[in-house]
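Below, read A as the first sequence line, B as the second, and so on, with proteins coming before strands; counting in each chain starts at 1.
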Protein chains: 2
Amino acid sequence: MAESLEHAGDPLGGVAGPAVPERLLAAGLADEIEFLAARARSLGSAQANAVLAPLGLKVRSYSVLAVVCGAAEPSQRELAEFLRLDPSQIVTLVDALEQGGLVARAPDPRDRRSKVIRPTPAGQDLYRQAAEAVRTAEDVSLAALDGAERDQLRGLLRKIAFG
Amino acid sequence: MAESLEHAGDPLGGVAGPAVPERLLAAGLADEIEFLAARARSLGSAQANAVLAPLGLKVRSYSVLAVVCGAAEPSQRELAEFLRLDPSQIVTLVDALEQGGLVARAPDPRDRRSKVIRPTPAGQDLYRQAAEAVRTAEDVSLAALDGAERDQLRGLLRKIAFG
DNA sequence: CCCATATAATTGAGTTTGTCAACGATAATT
DNA sequence: AATTATCGTTGACAAACTCAATTATATGGG
């Protein structure tokens, strides 16, 4: 049993999606935070994937690139735990990014089993563009919330996303 | 392009997951609401899947059962839109629930193309147990939040999950 | 120092999930 | 009545997840 961070992307790639009959909103499911989070994420990642596609990224590869560009040389195991992906998926993701010249595997002097992932200049460049694109996508996804509400939401989610 | 609600469940089925180095939290990704929502959902659905397994359900089939038990006879198309799944996935899910004797397809008198899904008594029974199990799982996943924070979070998520 | 045990990355096989196009039946539109 | 659209279904395919096994290395105990 497992629950990856992204799961194979959800079906229904539509960015916006049709309106939902209020009849269904009345059901108990619409009160479950997990369901709401899942639906919000589904909408958000459809939006994000749409803006990332022109850059040759998906939310998955973007998330790896983002950690690599933002954190101090994570190992693949650290990436796996942080992103809640199986180590073997990290291998595939890093392979693709490395082939694209966006990141590089470097030996970890402290542990020769481990490899630290570092961004290349091209990777940092692309990340900057991608991060900007994702911000605009997020802005669309979160259009219903004002700035204060977004901060609130971020804070609450951070509490449950990391324990 | 699509993003389903659940996506193929995320990898990394672990319910709790190891602690994350603070070094990674500093990265920009940890500020993105979509990422936080995805991680929260990943943790939550691992938890939920764990408690649902003994009942023969997963979060997916549970979500269908929940809508069916809570709403006024949704059609399969409505289920697909609400859950953000492809109609063909609904076919599979309803097939399984119907085979398990939990729901039934009934012809829609208003539209003979459409089929409304109704719970059987066994389905309603199982739903009650499952809903209770999911509540306890949610309680674990949201342990870091008090009641007021949970209400706040629910409200914010509802705003973005439905437009 | 040697051995047992544990961990990091990798591979590969197998399952599940998501994506998409096409079809038959029916409805809605003109 | 004819065109066009929609609902459920099927099937073929791609992407993602799951798990076990492997190799290399680390770690801890005798």
Ignoring the backbone of [X], work out which of [options] is nearest its side chain.
| X | options | value |
| --- | --- | --- |
| V91(A) | dT9(D), dT11(C), dA26(D) | dT11(C) |
| D95(B) | dT10(C), dT10(D), dC20(C) | dT10(D) |
| R77(B) | dG8(D), dT7(C), dT17(C) | dG8(D) |
| S88(B) | dG11(D), dT26(C), dT25(D) | dG11(D) |

Is the distance from OP1 or OP2 of [N] to the nearest side-chain N or O of [X] less than 4.0 Å?
| X | N | result |
| --- | --- | --- |
| K58(B) | dT16(C) | no |
| R84(B) | dT17(C) | no |
| Q89(B) | dT16(C) | no |

Worked verdict on D31(A) versus R158(B) for salt bridge (charged side-chain N to carboxylate O under 4.0 Å, His left out)
CA-CA 8 Å; D31(A) 286 330; R158(B) 217 181 333 238; 2.8 Å; yes

With sugar-phosphate meaning primed atoms plus P, OP1 and OP2, does [X] contact a base, only sugar-phosphate, or nothing at under 4.0 Å between heavy atoms?
| X | result |
| --- | --- |
| R105(A) | sugar-phosphate |
| S75(A) | sugar-phosphate |
| S114(B) | sugar-phosphate |

So does R135(B) pair up with E138(B), basic N to acidic O under 4.0 Å?
no

- Message: Once you measure the plane-to-plane angle for F82(B) and F162(B), does it fall in the parallel (<30°), tilted (30-60°) or perpendicular (>60°) bin?
- Response: parallel

Between [atom2] on [N] and [atom1] on [X], what's the gap in Å once rounded to a whole number?
| X | N | atom1 | atom2 | answer |
| --- | --- | --- | --- | --- |
| D86(A) | dT15(C) | CG | C1' | 14 Å |
| L85(B) | dT9(D) | CG | P | 15 Å |
| K115(A) | dT23(D) | NZ | C1' | 11 Å |

| Check: V64(B) and Q89(B) side chains under 4.5 Å, non-hydrogen atoms | no

For a quick check, tell me whether the side chain of R112(B) and the base of dT26(C) share a donor-acceptor pair closer than 3.5 Å.
no

